[in-house]
Visitor: 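Just dropping this structure here.
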Amino acid sequence: MSARIHPTAVIDRGAELGDEVEVGPFAVIGAQVRIGQGSRIGAHSTIEGPTTMGPGNQVFPHASIGTAPQDLKYSGEPTSLEIGAHNQFREFCTMNRGTEGGGGVTRIGDDNLFMAGSHVGHDSQVGSHTVFANCGTLAGHVEVGDWAVIGAFSAVHQFCRVGEHAYVGGFTVVTMDALPFAISVGHKPVCMGLNRVGLKRRGFDDDALRRLEGSLRLLTRPGLNRAQALDRLREETAEAGDDNVRRLIQFVEGSERGFIRASRRGSRGAA
């Protein structure tokens, strides 16, 4: 079954549309854009290339997908945006292509929800099953793990990471890595402990929650530096054999900007 294109839409001859793709009124699809089967492109939206979208994506009105990176160093070199399957891009979302200096590719996985006004900057790498609330924003070179939630009007600084199953509360300013499995909140963010509600919804049992909670408490509490906390966690993980805690350790070991910790008197803690 061929694509269904509104007569007012503008489709470049170099674009490729899969079967059953729908394109709404006044949408613009540029050259080197590939849109997978069953995707729906809303009215007045714009998709520029090189951009590849998998099947079943939905782009709502006035979204802007695959436009050039917002980087003064960018001089028109070919870079791309790669999008998986079954994502939703709500109204006025902006998703930029990569830059040569950042590897050239911005990537977005599968089954993500980007609410109105959210932004993914150049060279960012977003996993699957994430939720970006309204105006959640990633600067360039940001990594977001699977199942993470970025709260409304939150901003993530360039080169920061948001771990898997992390919850970043609304209006949070993330200038260091946000720990996996944890809640990070605030203009000067603080780790508020385990993302217990989110993890229970995703099937984590009580034993897994207990081990993760203890590990986060050890990592974020005052009195231990990062090296000391990691040594303690490695000892405990070797005995318990917990894959979730291992991934938490690997995330902290790979942190270059430090990570958000619990802190007394509401001040920010770094490690």
Side-chain angles (χ1 to χ4, degrees), residues 3 14-24 27 29-42 45-69 78-99 102-134 136-150 156 160-168 178 180 198 201-203 247 251:
E16 299 180 22
L17 275 58
D19 290 342
E20 301 179 344
V21 169
E22 297 182 20
V23 182
I29 299 177
Q32 301 184 69
V33 172
R34 298 174 60 189
I35 300 176
Q37 180 179 4
S39 295
R40 298 171 61 187
I41 311 303
S45 57
T46 300
I47 305 177
E48 296 184 5
T51 293
T52 302
M53 301 178 70
N57 287 286
Q58 187 169 8
V59 178
F60 282 75
H62 299 283
S64 177
I65 309 294
T67 48
T79 59
S80 64
L81 170 63
E82 298 179 358
I83 297 172
H86 305 291
N87 297 286
Q88 293 186 53
F89 301 95
R90 294 302 306 241
E91 296 82 356
F92 300 100
C93 282
T94 52
M95 309 282 143
N96 291 162
R97 302 193 310 271
T99 64
V105 183
T106 303
R107 291 186 179 88
I108 295 170
D110 305 326
D111 298 293
N112 299 291
L113 170 58
F114 297 92
M115 296 186 192
S118 55
H119 172 72
V120 173
H122 60 84
D123 305 294
S124 291
Q125 312 292 312
V126 179
S128 298
H129 308 285
T130 70
V131 174
F132 284 58
N134 301 83
T137 300
L138 304 185
H141 312 280
V142 171
E143 297 179 19
V144 178
D146 295 345
W147 299 102
V149 175
I150 307 295
V156 184
C160 286
R161 300 178 301 155
V162 177
E164 61 181 294
H165 298 280
Y167 185 97
V168 175
R201 288 174 178 169
R202 293 164 204 145
R247 296 202 301 276
F251 182 92

Visitor: Quick one: closest heavy-atom pair of Ser118 and Ala133, and the distance?
Guide: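 Here Ser118 and Ala133 meet closest at CB-O, 4.1 Å.
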
Visitor: Going through the checks in order, is the side-chain contact (heavy atoms from CB on, under 4.5 Å) test met by Leu81 and Thr67?
Guide: CA-CA 9 Å; Leu81 170 63; Thr67 48; over 6 Å; no

Visitor: Taking the side chain from Arg90 and the backbone from Asn134, do they hold a donor-acceptor pair closer than 3.5 Å?
Guide: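 Absent.
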
Visitor: Where is the tightest heavy-atom contact between Gly42 and Ala27, given as atom of each residue plus distance?
Guide: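 Result for this residue pair: O-CB, 3.6 Å.
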
Visitor: Return a table of donor-acceptor pairs under 3.5 angstrom between the side chains of residues 125-132 and protein atoms on other chains or two or more places apart.
Guide:
from   : atom 1 : to     : atom 2 : distance (Å)
Gln125 : OE1    : Arg107 : NH1    : 3.3
Gln125 : NE2    : Val105 : O      : 3.0
Gln125 : NE2    : Asp123 : O      : 3.1
Ser128 : OG     : Asp110 : N      : 2.9
Thr130 : OG1    : Asn112 : OD1    : 2.7

Visitor: Please report the shortest heavy-atom distance between Val142 and Ala139, naming the atom on each side.
Guide: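 Result for this residue pair: CG2-O, 3.3 Å.
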
Visitor: What pair of heavy atoms forms the shortest contact from Ala166 to Pro180, and how long is it?
Guide: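 Closest heavy-atom pair between Ala166 and Pro180: CB-CA, 4.5 Å.
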
Visitor: How many angstroms lie between CE in Met95 and OG in Ser64, if you round to the nearest 0.5 Å?
Guide: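 It is 9.5 Å, given to the nearest 0.5 Å.
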
Visitor: Report the distance from atom OG of Ser124 to atom CZ of Arg161, rounding to the nearest 0.5 Å.
Guide: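 That separation rounds to 13.5 Å.
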
Visitor: Please check if the number of heavy atoms outside Arg34 that lie under 6.0 Å from its CZ is greater than 12.
Guide: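 Check fails, neighbour count at 12 or below.
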
Visitor: Within this structure, what is the NE2-SG distance for the pair His62 and Cys93, rounded to the nearest 0.5 Å?
Guide: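 It comes to 13.0 Å.
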
Visitor: Nearest 0.5 Å, what's the CD1-CD1 distance between Ile108 and Ile65?
Guide: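 These two atoms lie 7.0 Å from each other.
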
Visitor: Can you tell me which residue among Ile41, Ile47, Asn57 is in a side-chain contact (heavy atoms from CB on, under 4.5 Å) with Phe89?
Guide: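 The passing option is Asn57.
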
Visitor: Between SG of Cys160 and NE2 of His141, what distance do you get to the nearest 0.5 Å?
Guide: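 With rounding to 0.5 Å, SG (Cys160) is 12.0 Å from NE2 (His141).
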
Visitor: Can you tell if the side chain of Val120 reaches within under 4.5 Å of the side chain of Val144, non-hydrogen atoms only?
Guide: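 Counting from C-beta outward, Val120 and Val144 never come under 4.5 Å.
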
Visitor: So which atom in Pro55 and which in Ser39 form the shortest heavy-atom distance, rounded to 0.1 Å?
Guide: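 Heavy-atom minimum between the residues: C-OG, 3.9 Å.
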
Visitor: Report the C-alpha separation of Met53 and Val59 in whole Å, then their side-chain angles, then the decisive distance to 0.1 Å, and conclude whether the side-chain contact (heavy atoms from CB on, under 4.5 Å) test is met.
Guide: CA-CA 11 Å; Met53 301 178 70; Val59 178; 3.7 Å; yes

Visitor: To the closest 0.5 Å, what do you measure between CZ (Arg202) and NE2 (His165)?
Guide: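 Answer for the CZ-NE2 pair, Arg202 versus His165, is 6.0 Å.
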
Visitor: Taking all atoms of both residues into account, what is the closest heavy-atom pair of Val33 and Glu48, and its distance?
Guide: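 Answer, listing the atom of Val33 first, then Glu48: CG2-C, 3.5 Å.
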
Visitor: Tell me, do Gln58 and Phe60 make a side-chain contact under 4.5 Å, heavy atoms counted?
Guide: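 They are in side-chain contact.
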
Visitor: Taking only residues two or more places apart in sequence, or in another chain, which ones meet His119 in a side chain to side chain contact (heavy atoms under 4.5 Å, CB included)?
Guide: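 Side chain to side chain contact (heavy atoms under 4.5 Å, CB included) check on His119 returns Gln70, Thr94, Asn96, Thr137.
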
Visitor: Taking the side chain as every heavy atom from C-beta outward, state whether Thr106 and Thr79 have any pair of such atoms under 4.5 Å apart.
Guide: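 With C-beta onward as the side chain, the pair stays apart.
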
Visitor: Might you work through the side-chain contact (heavy atoms from CB on, under 4.5 Å) test for Ile150 and Val162, ending with a clear yes or no?
Guide: CA-CA 9 Å; Ile150 307 295; Val162 177; 4.1 Å; yes

